[in-house]
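Here's the structure, in structure tokens; my notes come after.
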Amino acid sequence: MAPASREEELNKLAPELVLELKEKKEPEKGLPPLELNEPLVMRFAPNPNGPPTIGSSRGIVVNSEYTKKYHGKLIIRFDDTDPATKRPMLEAYDWYLDDCEWLGAKPDEVVKASDRIPLYYEVAEELIRKGGAYVCFCEQDVFKTLKDAKSPCSHREQGIEKNLVFWEKMIAGDYKEQEAVLRIKTDIAHKDPAIRDWVAFRIIKTPHPRPQVGDKYCAWPLLDFEGAVEDHLLGTTLIIRGKDLADSEKRQRYVYKYMGWTYPKTMHWGRVQIHEFGKLSTSGLKKAIADGVYTGWDDPRVPTIRALRRRGIKPEALRKFMIDLGLGETDISLSLDTLYAENRKIIDPVANRYFFVWEPVELEIEGAEPKIAKAPLHPSRGGLREIPAGTKVLVCKNDVDILSAGEKLRLKDLYNIQITNISPLTAKFIGTDMELVKKEKARIIHWAPLDGLKIRVLSPEGEYIGVGEKGIEKELNKVVQFERFGFVRVDSVKDNWVVAYFTHR
RNA sequence: GCUCCGAUAGUGUAGCACGGCCAAUCAUGUCAGACUCUCACUCUGACGACUGGGGUUCAAAUCCCCAUCGGAGCACCA
């Protein structure tokens, strides 16, 4: 039976079933719905060792989307507990807050772990008293060998009193780096080696970059401990984290069990790799910027939110892009095309159009009088721009390269010409009507006046230098479309030069 | 070596907890056409996927097992 007639038949027999059929087909768009039996509290927890990247934006957007949707609370927590190897950048704290706000994800609460070290010390001490943690003096490789053999080290059962003494000495700074750590007692024979007696605190004598903290502490918690305590203290009810941190939950649950706390719900997502940027770590970027490979954290070739902003990507586009990715545990490798398509839908209706000629070539037109072209600022909204054309104009080298003598062309919004010579490039005026384009299918190219504005466009693929029509300088900080080139954001105007950042085609 | 995940079109995603509504959704992409004084936008159409093999079942993308492939953890990084 054909589906149509089947439905008809069913309609006769049981109309209510047809309705049900239609209803169930409607899919839930975007993020999966949450089943909540308590108020939602979520946190986004970056290490501010660089500015937020496109990857960070996924965390920011998804957390904020859920807390908005379910009237929850959004916390940003800076996990800045490593003053040495992943040293925080002082400026990055504000960059995060700024980019969050730009993304429409202003947090309800901001917490810096480096302000809260004493709280972690309290929990550590309690854990020691409960017999859930011990100070270990084993060298790293010695402990690893024991751990791999599922054997406890001699410090594991040294007793609570001793541990308390050692711990006091640890936080007092009596030990050197590498000399002692505080371990959480889990199950030394756990089948998963990643879980066995993990380190909660180590000694770092490098001062913290924040002047408020400086050299106040030399026993610093590791992520698993700091995160475990904070998630409880902050009342987090749902954690979304990367799959790479999935084992954290198994480790942290030991702390929660000792302390009698309830572990939050968790969700995970896979790694994201972006075709256009490849594998770039924050530390790798930092080095490349220091080496002068990139001009800074907002260089258009760099995968930071700041760079995207500078290029004219709108926050709504980035949000939608990230939400549509959903919450898969699969590692994904994606292209920014979808983001660009999303952004284009937003900017196309509002971006004014201008001519920009890159790699300009002079074209002399015989028989034409100087004229002022009147071109629409936008194809469907009102407004005209005026572009003066002399007996010479500039055209793109790309267009010239495929030209042959005798060819007829339309200079957009100006008039028709016929090429008389390629080098030097000359043409003659052959009229103004559109018949040429309509009937003879002549190509239409854009152009720029000889005395136009000098323009530099910075794009991920490199730099374009050329000339654009006057008026572009009035679009500072706006996104416009350079016709037949693409969208750009006008970044600066000075000394007769306009610098624009390429958005996308 | 040990331990965890995951696998739907080029890309991303829906469907998978409760097997039949799936001849598999949506977006993006590509191609073709329409519109247009832009190679933009918009519109129309086409293309394109359940990793493989077994099993359970009347029925499997969905449940089970194995294989393959991919990712991650086993740090005094986050």
Side-chain angles (χ1 to χ4, degrees), chain A residues 3 6-7 10 17 20-22 24-30 32 45-47 49 79-82 84-88 136 138-140 143-144 147-148 150 177-183 190-196 198-204 219-220 222-224 226-227 242-248 250-251 268 270-272 275 282-283 320-321 324-342 344-345 347-349 351 353 355 375-376 378-380 398 410-414 416 434 436-438 442-446 481-487 505:
Chain A
R6 193 195 294 156
E7 185 179 322
L10 186 61
L17 284 181
E20 196 183 308
L21 258 163
K22 303 231 156 120
K24 208 178 165 188
K25 204 68 201 237
E26 194 52 45
E28 183 77 23
K29 268 282 157 207
N47 175 10
N49 61 340
D79 284 345
D80 55 350
T81 57
D82 180 2
T85 47
K86 286 204 174 163
R87 192 174 172 78
C136 174
C138 292
E139 282 184 29
Q140 267 182 78
F143 187 86
K144 181 173 165 45
K147 183 194 72 177
D148 287 347
K150 303 184 178 177
E177 288 189 14
Q178 312 285 317
E179 198 178 340
V181 293
L182 185 76
R183 287 187 188 280
H190 197 286
K191 63 172 185 168
D192 182 350
I195 310 306
R196 301 173 196 160
W198 48 276
V199 176
F201 284 85
R202 83 299 212 186
I203 293 162
I204 296 175
W220 284 91
L222 280 103
L223 178 72
D224 279 328
E226 178 265 329
K243 225 174 45 168
D244 50 325
L245 259 29
D247 284 344
S248 283
K250 290 192 245 162
R251 284 190 283 259
H268 301 102
R271 290 297 231 191
V272 179
H275 296 320
T282 302
S283 46
K320 182 158 194 313
F321 179 66
D324 285 352
L325 284 187
L327 238 50
E329 290 200 31
T330 323
D331 295 327
I332 53 179
S333 171
L334 46 88
S335 139
L336 256 20
D337 282 347
T338 316
L339 171 65
Y340 296 156
E342 220 57 75
R344 197 177 290 119
K345 281 178 200 157
I347 62 178
D348 184 81
R353 314 291 148 125
F355 288 157
H378 188 277
S380 51
N398 297 18
R410 168 82 178 177
L411 293 177
K412 190 168 184 283
D413 302 309
L414 188 62
N416 308 326
M434 284 301 292
L436 181 75
V437 173
K438 300 223 160 93
R443 290 197 303 130
I444 299 169
I445 64 169
H446 67 111
Q481 189 196 50
F482 286 165
E483 293 193 44
R484 306 208 309 140
F485 178 77
F487 293 92
R505 282 200 62 86

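Reckoned from all heavy atoms, side chains included, excluding hydrogens, waters and symmetry mates. Throughout, protein chains are lettered first and strands after them, A, B, ... in sequence-line order, and every chain is numbered starting at 1.
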Notebook entry, point to check: In whole angstroms, how far is the C1' atom of B:rU38 from the CZ atom of A:Phe487?
Noted result: 10 Å
Notebook entry, point to check: If you take all heavy atoms of A:Ser335 and A:Phe321, which pair is closest and at what distance?
Noted result: O-CZ, 4.1 Å
Notebook entry, point to check: Nearest 0.5 Å, what's the NZ-CG distance between A:Lys86 and A:Asn49?
Noted result: 6.5 Å
Next item on the list: Grab the NZ-P distance between A:Lys412 and B:rU36 for me, whole Å please.
Entry: 14 Å
Note to self: Between B:rU28 and B:rC74, how many Å separate the two P atoms, rounded to a whole number?
What the structure shows: 40 Å
Check: Once Watson-Crick and G-U wobble pairs under 3.5 Å are found, how is RNA chain B written in dot-bracket notation, 5' to 3', with | for any base paired to another strand?
Finding: (((((((..(((.......[.....)))((((((.......))))))...(((((..]....))))))))))))....
Note to self: So does A:Lys147 get a backbone contact from the side chain of A:Arg196, meaning a donor-acceptor N/O pair under 3.5 Å?
What the structure shows: yes
Check: For the side chain of A:Arg353 and the backbone of A:Ala351, is there at least one donor-acceptor N/O pair under 3.5 Å apart?
Finding: yes
Item checked: Separation of the P atoms in B:rA34 and B:rC39, to the nearest angstrom -> 13 Å
Next item on the list: Starting from P on B:rG6, measure out to CG on A:Leu327 and report it in whole angstrom.
Entry: 14 Å
Item checked: Inter-nucleotide P distance (B:rA7, B:rU13), Å rounded -> 10 Å
Note to self: Distance check needed: B:rA40 C1' versus A:Arg484 CZ, whole Å only.
What the structure shows: 12 Å
Margin query: Taking the C1' atom in each of B:rC26 and B:rC77, what is the distance between them to the nearest angstrom?
Written below: 39 Å
Check: Which value, in whole Å, describes the distance between the C1' atoms of nucleotides B:rC16 and B:rA61?
Finding: 7 Å
Checklist line | For atom CG of A:Asp348 and atom C1' of B:rC43, their distance in whole Å | finding: 14 Å
Check: More 5' along RNA chain B: A:Gly328 or A:Pro349, using each one's nearest nucleotide?
Finding: A:Gly328
Margin query: Would B:rA46 be called syn or anti here, given the cut-off of 90° from 0?
Written below: anti
Checklist line | Sequence-aligned protein contact record of nucleotides 68-78 of chain B, with B where the base is within under 4.0 Å of a protein heavy atom and S where only the sugar-phosphate is | finding: --BSSBBSBBB
Next item on the list: Would you classify A:Ser380 as touching base, sugar-phosphate or nothing, given that sugar-phosphate means primed atoms plus P, OP1 and OP2, and contacts are heavy atoms under 4.0 Å?
Entry: nothing
Next item on the list: Keeping the roles fixed (side chain from A:His268, backbone from A:Asp244), state whether a donor-acceptor pair exists under 3.5 Å.
Entry: no
Item checked: Selected nucleotide, minimal atom distance to A:Arg505 side chain, candidates B:rC39, B:rU38, B:rG12 -> B:rC39
Next item on the list: Would you indicate what A:Arg344 reaches in the nucleic acid, counting non-hydrogen atoms under 4.0 angstrom: base, sugar-phosphate, or nothing?
Entry: sugar-phosphate
Notebook entry, point to check: Under the 3.5 angstrom rule, does the side chain of A:Arg251 hit a backbone N or O of A:Ala194 as a donor-acceptor pair?
Noted result: yes
Next item on the list: Might you point out which heavy atoms bring A:Lys412 and A:His446 nearest each other, and give the distance in Å?
Entry: CB-CA, 4.4 Å
Notebook entry, point to check: Do A:Leu223 and A:Thr81 have side chains that get closer than 4.5 Å, going by heavy atoms?
Noted result: no
Margin query: Restricting to non-hydrogen atoms, name the atom on A:Ala180 and the atom on A:Ile203 that form the minimum distance, rounded to 0.1 Å.
Written below: O-CD1, 3.7 Å
Notebook entry, point to check: Rounded to whole angstroms, how far apart are CE on A:Met434 and C1' on B:rU38?
Noted result: 12 Å
Next item on the list: Using the C1' atom as the reference point in each nucleotide, state the distance between B:rU42 and B:rC21 in Å, no decimals.
Entry: 34 Å
Notebook entry, point to check: Between A:Asp413 and A:Ala375, what is the shortest heavy-atom contact and its length?
Noted result: OD2-CB, 3.3 Å
Margin query: Could you check whether the side chain of A:Glu342 and the base of B:rU28 have a donor-acceptor pair of N or O atoms closer than 3.5 Å, going by distance alone?
Written below: no
Margin query: According to side chain to side chain donor-acceptor pair (under 3.5 Å), who are the partners of A:Arg505, at least two apart in sequence or on a separate chain?
Written below: none
Margin query: Rounded to whole Å, please give me the gap between NZ in A:Lys438 and C1' in B:rC35.
Written below: 12 Å
Check: NA contact type, A:Phe485, heavy-atom cut-off 4.0 Å: base, sugar-phosphate, or nothing?
Finding: nothing
Checklist line | Rounded distance in Å between the P positions of B:rA75 and B:rG48 | finding: 49 Å
Margin query: Nearest whole Å is fine: how far is B:rC26 C1' from A:Lys320 NZ?
Written below: 9 Å
Checklist line | Pairwise P distance for B:rA60 and B:rG53, with rounding to whole Å | finding: 14 Å
